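These figures come from a predicted structure and were not determined experimentally. Lettering follows sequence order; numbering is per chain, from 1.
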Number of protein chains: 2
Amino acid sequence: MKSDSLQTLKEKGHRITQARSAIIELLENTDRPIAAKSLYTMLERIGIKVNITTVYRELEFLLQENIIEKVPLKDTELHYEMKGRPHHHHLLCTSCGNIEDIALESEHTLLEEAHTVSAYNIKRHSLAFYGQCPKCQ
Amino acid sequence: MKSDSLQTLKEKGHRITQARSAIIELLENTDRPIAAKSLYTMLERIGIKVNITTVYRELEFLLQENIIEKVPLKDTELHYEMKGRPHHHHLLCTSCGNIEDIALESEHTLLEEAHTVSAYNIKRHSLAFYGQCPKCQ
DNA sequence: ATGTTAATTGCAACTTAATTGCATTGTACT
DNA sequence: AGTACAATGCAATTAAGTTGCAATTAACAT
Ligand SMILES: [Mn+2]
Ligand SMILES: [Mn+2]
Ligand SMILES: [Zn+2]
Ligand SMILES: [Zn+2]
């Protein structure tokens, strides 16, 4: 029942703290990217007292451990989500802020073209869509 | 010889100031997205003394006037470039910071799929590639 | 040319996300 | 229990960007 990521971290010699477990659990059980402050609020709500600094540090740590990834959706703050799920991107509702996943078959073709067309050695990419969700239309 | 954007602004009743002309000219003559601070430095170099606040305010103004657009390439600062050129995206070299344009034929297909697959009313999107430029490989 | 008016600007203060130093705490292991 | 050092809290700091307000100045009319 314990998270796979936690297990891995422990094996690597990292400690399993209340904050760490909770943050990983929240990230695992939320199906959309989360911002640091939002994560902090969620922790508060479930009764876990951590400093916002710890949240930032933990996110940085999880990034380095390749457990989560950055999701740049807004100009003002970064979002984060678990790695390892099938590759996908996101839709952000510009009215209510709702975020949804979107996976695109034709992305393959796009990436191939990018590799062909460019002399860069492309390592990663960022893609996001903006518009209004069904409810806000 | 005077910029088209400037003409349009003047006709709309906006003033043509030293800062405004210079900023538009720099944006028009630079083939890559520019960050506010970088723009500020470029202005300094050509001997135009403006406060960084003015640069931010002018960028905000040009956004509202639909003359430039935001280009989110970095987590830390926004870039801006002229609108109106053929639709394209960008490559950022993670080693030297160099930025290049990239236009992709197959983007059409991708956007169509996005519209089909999603219930969102998609208005815009953001796409960027990260890797190493030829010189840095 | 000079005057008038509102757009623009500079400056200082402020906001907000994120980072850092350092002393303290707590996890993991013996 | 005792030890070591990873993790944390707290305060200070950094950096992008914003805002209020008084001073400046472009544009236009006289
Ligand atoms: Mn997702
Ligand atoms: Mn470009
Ligand atoms: Zn919505
Ligand atoms: Zn490079």
Just the table, please: protein N/O against nucleotides 11-16 of chain C N/O, every pair under 3.5 Å.
none

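A 4.5 Å side-chain heavy-atom check between T8(B) and I67(B) finds every atom pair outside the cut-off. Side chains of V55(B) and E58(B) form no contact here, defined as non-hydrogen atoms less than 4.5 Å apart. H88(B) is listed as a side-chain neighbour of E81(B), based on a closest heavy-atom distance under 4.5 Å.
Between its two ends, the helix from dA1(C)-dT30(D) to dT30(C)-dA1(D) turns its axis by 30°, counting five pairs per end and rounding to 10 degrees.
Within a heavy-atom distance below 4.0 Å of DNA chain D, no residue of residues 24-33 of chain A is found.
A search for ring pair (Phe, Tyr, Trp, His ring centres under 6.0 Å) contacts involving H14(A) returns F61(A), not counting sequence neighbours. Taking the ring pair (Phe, Tyr, Trp, His ring centres under 6.0 Å) definition, one finds that Y56(A) meets it with nothing, sequence neighbours left out.
When the shell of 6.0 Å around NZ of K37(B) is examined, it contains 12 or fewer heavy atoms from other residues, nucleotides or ligands.
OP1 or OP2 of dA18(C) has at least one side-chain nitrogen or oxygen of Y56(A) nearer than 4.0 Å.
Side-chain contact check for D101(A) and H89(A): no donor-acceptor pair (N or O, by modelled atom type) lies under 3.5 Å. Side-chain contact of S3(A) with E28(A): a donor-acceptor pair under 3.5 Å is present, judged by distance alone.
For E60(B), whose side chain is taken as the heavy atoms from C-beta onward, the closest listed nucleotide among dG10(C), dA18(C), dT18(D) is dT18(D).
Residue-to-nucleotide proximity on DNA chain D shows that, of V55(A) and L78(B), the 5′-proximal contact is made by V55(A).
Atom pair F61(A):CZ and dA7(D):C1' shows a separation of 10 Å (rounding to whole Å applied). Rounded to an integer number of Å, the gap from L62(B) CG to dT8(C) C1' is 13 Å.
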Contact letters for nucleotides 23-30 of chain D, in which S counts primed atoms plus P, OP1 and OP2 and B counts the base, heavy atoms under 4.0 Å | --BBS---
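Close placement of the H125(B) and H87(B) rings is indicated, their centers lying within 6.0 Å of each other.
In this structure, E105(A) contributes its side chain and E113(B) its backbone to no donor-acceptor pair below 3.5 Å. Not a single donor-acceptor pair under 3.5 Å links the side chain of Q132(A) to the backbone N or O of Q137(A).
A35(B) comes within contact range of no nucleotide atom at all, as no heavy-atom separation falls under 4.0 Å.
Of the listed residues (T17(A), L39(A), I48(A)), just one forms a side-chain contact (heavy atoms from CB on, under 4.5 Å) with I23(A), and that residue is L39(A).
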